[in-house]
Amino acid sequence: MNPADSTLPERYDPQALEAKWQAIWDAEEAFRAEPISRDGVAPTVPDRPKAYVLEMLPYPSGEIHMGHVKNYTMGDVVAHFRRRQGWLVFHPMGYDAFGLPAENAAIKTGRPPAEVTRQNIARIREQLRTLGFSIDWQTEIATCDEEFYRWTQWLFLRMFEKGLAERREAAVNWCPVDQTVLANEQVIDGACERCGTEVEIRQLSQWFLRITDYAQRLLDDMDTLVDWPERVLTMQRNWIGRSEGARVTFTTDDGAHDIPVFTTRPDTLFGATFFLLAPEHPLVPQLVAGRPEAAAVTEYVRQAARADIADRSAAERTKTGVFTGRHVVNPVNGEHIPVWVADYVLMDYGTGAIMAVPAHDERDFAFARTFDLPIRRVVAAEGVSPDEPMETAEPGDGTMVNSQILDGMGVDAAKTAIAAWLSEHKLGEATIGYRLRDWLISRQRYWGAPIPIIHCDGCGPVAVPDDQLPVRLPEVDDYAPKGMSPIAAAEDFVATICPTCGKPARRETDTMDTFVDSSWYFLRYTAPHLGTAAFEREVVDYWLPVDQYIGGIEHAILHLLYARFFVKVLHDLGYVGFIEPFARLFTQGMIYRDGAKMSKSKGNVVPPDEIIARFGADTLRLYILFMGPAADDAEWSDHGIEGQRRFLDRVWRLVVGQEGDALVDRPSLDALRDEPAALALVRKAEATTAKVTDDIGERFSFHTAISAIQELVNDATKARAEGALQGPAGAQALRFATQAVVSALFVFAPHIASELWDRLGGERLWVAPWPEVDQVFLARESVTIAVQVNGKLRDTLEIPAGLDDGAVAARAKESPKVQAAIDGKQIRREIVIADRLVNLVVG
RNA sequence: GGGGGCGUGGCGGAACGGUAGACGCGACGGUCUCAAACACCGUUGAGGGCAACCUCGUGUGGGUUCGACUCCCACCGCCCCCACCA
């Protein structure tokens with residue numbers, strides 16, 4: 001290298017240098033990973049440890065925000081770190097490109113969603129490149145591309161074949177503004193997740209994926225197969241909502257209808273004093289037909305359908321209901337109890353009918369009080385008599401009373417006993433209920449993957465043959481929904497012939513929920529442009545499961561649950577060899593400013609582009625991780641980012657004057673024998689590398705790793721300024737420490753580190769092996785120990801490391817400060833923790 | 001109502017039962033400058049002392065321990081998820 005090149009400018013200029021290194025990475029395809037599946041190429045799977053590092057793919061809304069920066073920076077740190085540790089790293093990127101925002105923009109502006117989306121993707125790609133992420137760009141996919149959604153459709157058809165995708169009539173959530181059906185999960189407090197409009201209930205024929213078939217496995221596999229935050233596991237468990245109970249069949253008093261109920265308290269069966277049906281229960285019209293109560297019941301049902309869900313589901317709300325005039329028979333005691341319709345009974349949980357036990361259920365109690373229905377105690381707590389009146393429901397434990405064969409038993413024993421009795425008499429059985437519902441994927445919207453089904457009058461719903469995929473999204477003029485998908489207006493698209501019988505038929509016009517796309521995109525990265533299959537088993541089995549998945553907590557339930565479901569289905573169908581998609585998960589906190597989420601309407605957005613222009617991408621990456629623990633929410637500070645820029649300036653100045661043609665080796669312990677300052681600096685460098693390695697690899701604690709590097713920079717700068725590193729050993733120690741700084745800094749701030757590494761005489765830092773720590777330098781010759789008297793710090797002592805306990809205690813007792821604290825009192829106990837502290841217990 | 005989490009300087013945070021406050025921000029003092037900004041150097045938990053040092057300090061109250069920010073119990077205060085789920 002010629003000397004002119006090796007002299008650093010005094011000032012750090014991030015813009016020029018970041019562009020330079022990004023161009024080099026591009027030109028060298030530095031972050032490309034094999035194998036990926038390609039047409040006509042037989043895959044070869046390496047025998048090498050791999051790390052699939054994945055961040056949740058962005059929705060291309062136009063701009064990336066600080067949350068993305070944090071997410072992708074974390075992933076990039078892990079990817080760089082593992083790469084340099086010698087793992088084969090797969091770090092792909094794509095775009096979750098179907099969905100409502102692009103479509104709503106289309107409705108407003110008339111521009112096709114495909115065009116808007118393409119433009120947004122180009123913009124986001126540019127921003128990701130400006131941030132210098134080590135992405136394998138050959139994998140880049142967009143879920144709205146034909147070559148992607150073709151296989152989304154193909155996957156749907158595999159589920160359809162297995163009966164896991166089915167069309168059925170159901171009461172569904174309908175958003176009157178977005179004019180589409182929503183999954184239960186997309187309804188928040190009775191309002192549309194996207195637009196906030198109150199949701200209505202409609203009876204419609206819709207496509208469902210039978211995720212409930214997998215409820216138990218989704219629950220079980222969490223215990224053994226994933227290393228996820230406890231919080232997320234808990235949220236998933238609660239969402240699946242397993243509860244053990246019994247199914248019990250009640251029969252109408254005319255014997256015409258059996259109505260099963262689900263209960264978690266079969267022990268209280270003798271306390272059932274009335275019976276409730278959900279307003280949507282299919283038997284309601286039949287039960288009241290021709291009866292005087294019919295009009296009132298019909299009116300109640302109508303109102304329940306109209307009442308928005310937020311109202312209906314408010315637990316505090318006064319109970320409402322209407323008597324049907326009918327009775328059912330309690331199978332355990334033959335009692336005839338009245339049947340009411342009440343909207344607090346939900347059609348889509350359990351069976352849509354319940355036995356009401358007011359004595360031991362708060363909701364039933366409230367209902368009984370409102371309508372003056374009888375309350376019968378069947379569980380008595382300690383010291384309570386069987387006929388003691390009740391002021392409130394008592395859902396707790398106790399002894400069975402007023403329950404014939406169960407009397408005297410405890411609640412748990414009674415549950416077992418009654419379940420046995422029910423199944424013996426064929427009146428019911430122990431069963432398990434789940435809160436999880438089937439996944440409604442039909443959307444009456446344009447910008448999504450068309451559901452590849454043809455409706456034939458003769459044959460019913462028929463699969464589009466695989467060789468006719470993709471079912472292309474037709475161009476339309478008007479994207480506004482009118483209660484049906486805008487696609488329905490494309491007559492050329494809709495009119496077709498039945499693949500089975502050849503008669504005229506009509507295509508399904510609903511598109512799929514975009515969560516379907518994101519339930520398998522991570523598999524497609526392994527075969528991003530493969531034309532012959534969605535992916536190849538050999539390759540997908542090599543890379544998957546994802547070793548480290550990173551994303552927002554807001555996806556803790558839906559996306560992760562759906563993706564897990566998809567992978568299990570694909571496993572069962574023999575397409576993949578693993579059953580969980582994401583082995584390790586990290587959920588990041590959000591970035592706030594002025595105490596609120598950044599949003600345009602609040603005017604508190606800090607655009608990443610502006611920060612990059614002012615400080616450089618490296619500074620932004622560093623700061624976003626330095627803000628605090630990565631899992632926590634963090635508050636953006638304009639001053640805070642300046643501090644990180646100052647830090648990079650300090651690193652720059654540390655390297656100035658140390659440029660050279662070759663890296664130096666670690667000085668030997670011997671060479672440093674008479675150079676205490678140099679030795680201390682080398683020790684610090686080694687300790688720093690050890691800490692950074694642990695913080696990134698084991699703890700996901702990036703902010704402490706950065707702090708550690710800052711300490712090393714401070715020490716090195718100070719030692720140099722004090723002139724403590726004069727001789728050759730001193731210079732080598734400083735150089736070694738500086739190399740350690742640059743090497744560790746690289747995973748956070750790759751551009752400046754690559755530049756400085758080059759100036760120090762190294763090459764290609766992104767593939768340079770992660771440094772090994774020489775333990776010799778971590779073992780200290782002397783240590784500072786704390787001396788406590790009765791647990792209070794009284795002195796610190798510098799003593800040789802490894803001194804035996806007795807000698808350490810003796811030294812401690814020699815200290816005048818310690819003697820003063822002992823004050824002549826008797827030492828009762830001496831605690832010595834090697835190389836750490838001594839605690840003298842006196843009294 | 002059910003579940004999960006968190007309370008440490010002026011602020012973000014560190015300390016994985018062993019010297020509380022690393023690192024950074026801010027503030028204060030200094031150097032540079034005609035001056036300011038930037039930059040750099042220093043000080044910075046509270047109280048006391050000329051000082052060496054001393055006392056008090058991790059939401060509150062108990063407990064376990066030689067020793068507790070850390071583990072356990074109760075309370076107070078915040079945050080998140082689910083919620084008429086039978």
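Letters A, B, ... mirror the listed sequences (proteins, then strands); counts begin at 1.
Between the side chain of A/D438 and the backbone N or O of A/I211, at least one donor-acceptor pair lies under 3.5 Å. Using a distance-only test at 3.5 Å, with no hydrogens or angles considered, no donor-acceptor pair links the side chain of A/Y12 to the main chain of A/I752.
At whole-Å resolution of the value, CD in A/Q236 and P in B/C80 are 20 Å apart. If you measure from atom CG of A/L561 to atom P of B/C82, you get 13 Å, rounded to the nearest angstrom.
Listed in residue order, the members of residues 618-638 of chain A having a heavy atom less than 4.0 Å from RNA chain B are A/F626, A/M627, A/P629. Within residues 825-833 of chain A, the residues having any heavy atom closer than 4.0 Å to RNA chain B are, in order of number, A/R829, A/I831, A/I833. Scanning residues 352-366 of chain A for heavy-atom distances under 4.0 Å to RNA chain B yields A/I354, A/R363.
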Where each pair must be Watson-Crick or G-U wobble with both distances under 3.5 Å, what dot-bracket representation of RNA chain B is obtained, with crossing pairs in [ ] and other-strand partners as |?
(((((((..(((.....[....)))((((((.......))))))((((....))))..(((((..]....))))))))))))....
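Residue A/H703 places at least one side-chain N or O under 4.0 Å from the OP1 or OP2 atom of B/A14. One finds a side-chain N or O of A/N714 lying less than 4.0 angstrom from the OP1 or OP2 phosphate oxygen of B/G24.
Note on A/G643: only backbone sugar-phosphate atoms sit closer than 4.0 angstrom, heavy atoms only; bases stay farther off. Across all strands, A/R231 comes closer than 4.0 Å only to sugar-phosphate atoms, never to a base (heavy-atom distances). Within 4.0 Å of A/D694, counting heavy atoms only, lies at least one base atom of the nucleic acid.
Residues in residues 830-843 of chain A take part in these side-chain hydrogen bond (donor to acceptor under 3.5 Å, both in side chains) pairs, two or more places apart or across chains: A/K813-A/E830. Legend: salt bridge (charged side-chain N to carboxylate O under 4.0 Å, His left out) pairs involving residues 702-724 of chain A, not counting sequence neighbours, sorted by first then second residue: A/K684-A/E711.
The number of heavy-atom neighbours closer than 6.0 Å to CZ of A/R369, taken from other residues, nucleotides and ligands shown, is above 12. With a 6.0 Å radius and a threshold of 12 heavy atoms from other residues, nucleotides or ligands, A/R435 has its CZ atom above the threshold.
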Polar-atom pairs under 3.5 Å, protein N or O versus N or O of nucleotides 29-31 of chain B: list them with distances, or write none.
none

Nucleotide N/O of nucleotides 54-58 of chain B paired with protein N/O under 3.5 Å:
unit_1 : atom_1 : unit_2 : atom_2 : d
B/U55  : OP1    : A/R794 : NH1    : 3.2
B/U55  : OP2    : A/R794 : NH1    : 3.4
B/C56  : OP2    : A/K792 : NZ     : 3.4

List, with names and distances, any nitrogen or oxygen atoms from the protein found under 3.5 Å away from nitrogen or oxygen atoms belonging to nucleotides 38-44 of chain B.
unit_1 : atom_1 : unit_2 : atom_2 : d
B/A39  : OP1    : A/R646 : NH1    : 3.1
B/C40  : OP1    : A/R653 : NH2    : 3.2

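Mapping A/H639 and A/M235 onto RNA chain B by nearest heavy atom places A/H639 at the nucleotide closer to the 5' end.
Taking the ring centroids of A/F702 and A/F700, they lie under the 6.0 Å cut-off. You'll find the ring centres of A/W439 and A/F515 outside the 6.0 Å limit.
Taking A/D348 as the reference, A/R437 meet the salt bridge (charged side-chain N to carboxylate O under 4.0 Å, His left out) condition, with sequence neighbours excluded. Residues forming a side-chain hydrogen bond (donor to acceptor under 3.5 Å, both in side chains) with A/S243 (at least two apart in sequence, or on another chain): A/Y349.
Geometrically, A/R584 does not engage A/W228 in a cation-pi contact defined by less than 6.0 Å to the ring centre and at most 45° from the axis.
Judged by distance alone, with hydrogens and angles left aside, A/N839 brings a side-chain donor or acceptor within reach of the base of B/C66, the pair sitting under 3.5 Å.
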Enumerate donor-acceptor pairs with a distance under 3.5 Å from any side-chain N or O in residues 267-276 of chain A to protein atoms, sequence neighbours excluded.
unit_1 : atom_1 : unit_2 : atom_2 : d
A/D267 : OD1    : A/R265 : NE     : 3.1
A/D267 : OD2    : A/R265 : NE     : 3.2
A/D267 : OD2    : A/R265 : NH2    : 2.9
A/T268 : OG1    : A/R265 : O      : 2.8
A/T273 : OG1    : A/P374 : O      : 2.8

